[in-house]
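This report refers to the structure that appears directly beneath it.
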Amino acid sequence: TNSSGAGVTINDSVYTNNFRVEISDLTVANAVQSGIENNDELVLTNVIVADNGERGINNGRVLTITNGIISGNTATSGAALFNSGTAALTAVTITDNNGGNTIVHTQSGGKTALTNVTISGNPSGTAVLSTGGGEVTILNSTIVDNEAGIANYAVVTLQNSILAENGTNCYRMVTAG
């Protein structure tokens, strides 16, 4: 938050490397590549990540988001979030991303926890994909009205959540938590 108490908008990328960063009340928008590129520890509160050209967030280490919106991002894979680290999203809305293949993609031993998250209205791509040893836990969340719901090639656990009205709701077995 700036000195006037208003949020800050960055019309380009945020890149973290080799240090912990905590940011609140921020909009990251209109980057040509990833809106956020995280290679260390990033804590985001009350953020909007929107309209970025090569995915919203690319996470390789530790990411925590509380109260956020990830919207309007584009990428072949992981349009909203591509995670090969550890990501915890709480009270986040993920909508209107164009994923080609995926919206939230967890791979290479990454771990993603989605709690009270809504993934809805993404016109192309599977809402949640887990591959290559990735683990996804979905708790008290809603995944509706996407091209596809969940595709599991590793580990996905779904607990007390709604998975409905996607083009295909679930591909391969998902564990009920």
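One is the number of the first residue; the rest follow in order along the sequence. Keep in mind that this is a model prediction, so the values were computed, not measured.
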Do Val21 and Val47 belong to the same hydrophobic cluster, where Ile, Leu, Val, Met, Phe, Trp and Tyr are linked whenever their side-chain heavy atoms lie under 4.5 Å apart, directly or via other members? yes
Give a yes or no answer on whether the side chain of Thr93 reaches the backbone of Ile69 with a donor-acceptor pair at less than 3.5 Å. no
Are any non-hydrogen side-chain atoms of Thr168 and Thr126 less than 4.5 angstrom apart? no
What's the spacing between Ile65 CD1 and Leu89 CG if we round to 0.5 Å? 4.0 Å
Spatial distance of atom CG (Asn97) from atom OG (Ser124) [nearest 0.5 Å]: 9.0 Å
Please check this pair: side chain of Thr102 against backbone of Gly78, looking for a donor-acceptor N/O pair closer than 3.5 Å. yes
State which residues pass side-chain hydrogen bond (donor to acceptor under 3.5 Å, both in side chains) with Thr131; sequence neighbours excluded, sorted by chain then number. His105
With no hydrogens and no angle check, is any side-chain donor or acceptor of Glu54 less than 3.5 Å from a backbone partner on Ser34? no
4.5 Å side-chain heavy-atom contact, Asn67 and Val92: no
On a heavy-atom basis, which atom in Gly60 and which in Ser84 lie closest, and how many Å separate them? CA-OG, 3.8 Å
Measure from the side-chain N and O atoms of Thr175 to the backbone N and O of Thr157, and report whether any donor-acceptor pair falls under 3.5 Å. no
Results of side-chain contact (heavy atoms from CB on, under 4.5 Å) for Val156 - residues two or more places apart only: Ser130, Val136, Ile138, Ile150, Asn152, Val174
What residues form a salt bridge (Lys or Arg N to Asp or Glu O under 4.0 Å) with Glu37, not counting sequence neighbours? none
Please list, chain by chain and in numerical order, all residues satisfying salt bridge (Lys or Arg N to Asp or Glu O under 4.0 Å) with Arg20, sequence neighbours excluded. Glu22, Glu41
Within a strict 4.5 Å, meaning less than it, do heavy atoms of the Gln107 and Tyr153 side chains meet? no
Establish, from distance only, whether the side-chain atoms of Asn38 and Asn59 form a donor-acceptor pair under 3.5 Å. yes
4.5 Å side-chain heavy-atom contact, Asn101 and Leu129: no
Side chains of Thr115 and Thr137, heavy atoms from C-beta outward: is any pair under 4.5 Å? no
Would you say the side chain of Val128 lies within less than 4.5 Å of the side chain of Ile119, judging by non-hydrogen atoms? yes
Verify, without hydrogens or angle tests, whether Asn166 (side chain) and Asn146 (backbone) share a donor-acceptor contact under 3.5 angstrom. yes
Name all residues meeting the side-chain contact (heavy atoms from CB on, under 4.5 Å) criterion together with Thr74; count only those two or more places apart in sequence or in a different chain, and write none if there are none. Asn98
Does a donor on one side chain and an acceptor on the other come within less than 3.5 Å for Thr112 and Thr106? yes
Given 3.5 Å as the limit, does a donor-acceptor pair link the side chain of Asn73 with the main chain of Asn52, or not? yes
Out of the candidates Ile70, Val28, Leu42, only one should pair with Ile57 under the side chain to side chain contact (heavy atoms under 4.5 Å, CB included) rule; please name it. Ile70
Do Ser71 and Ile48 make a side-chain contact, defined as non-hydrogen atoms from C-beta onward lying under 4.5 Å apart? no
Check: Asn83 side chain, Asn58 main-chain N or O, donor-acceptor pair, under 3.5 Å: no
Quick one: closest heavy-atom pair of Ala79 and Gly99, and the distance? CB-CA, 3.6 Å
Please identify each residue that fulfils side-chain contact (heavy atoms from CB on, under 4.5 Å) with Val144, with sequence neighbours left out. Ser120, Thr142, Ile162, Ala164
Determine whether a donor-acceptor pair (N or O, by modelled atom type, separation under 3.5 Å) exists between the side chain of Asn122 and the backbone of Ile94. yes
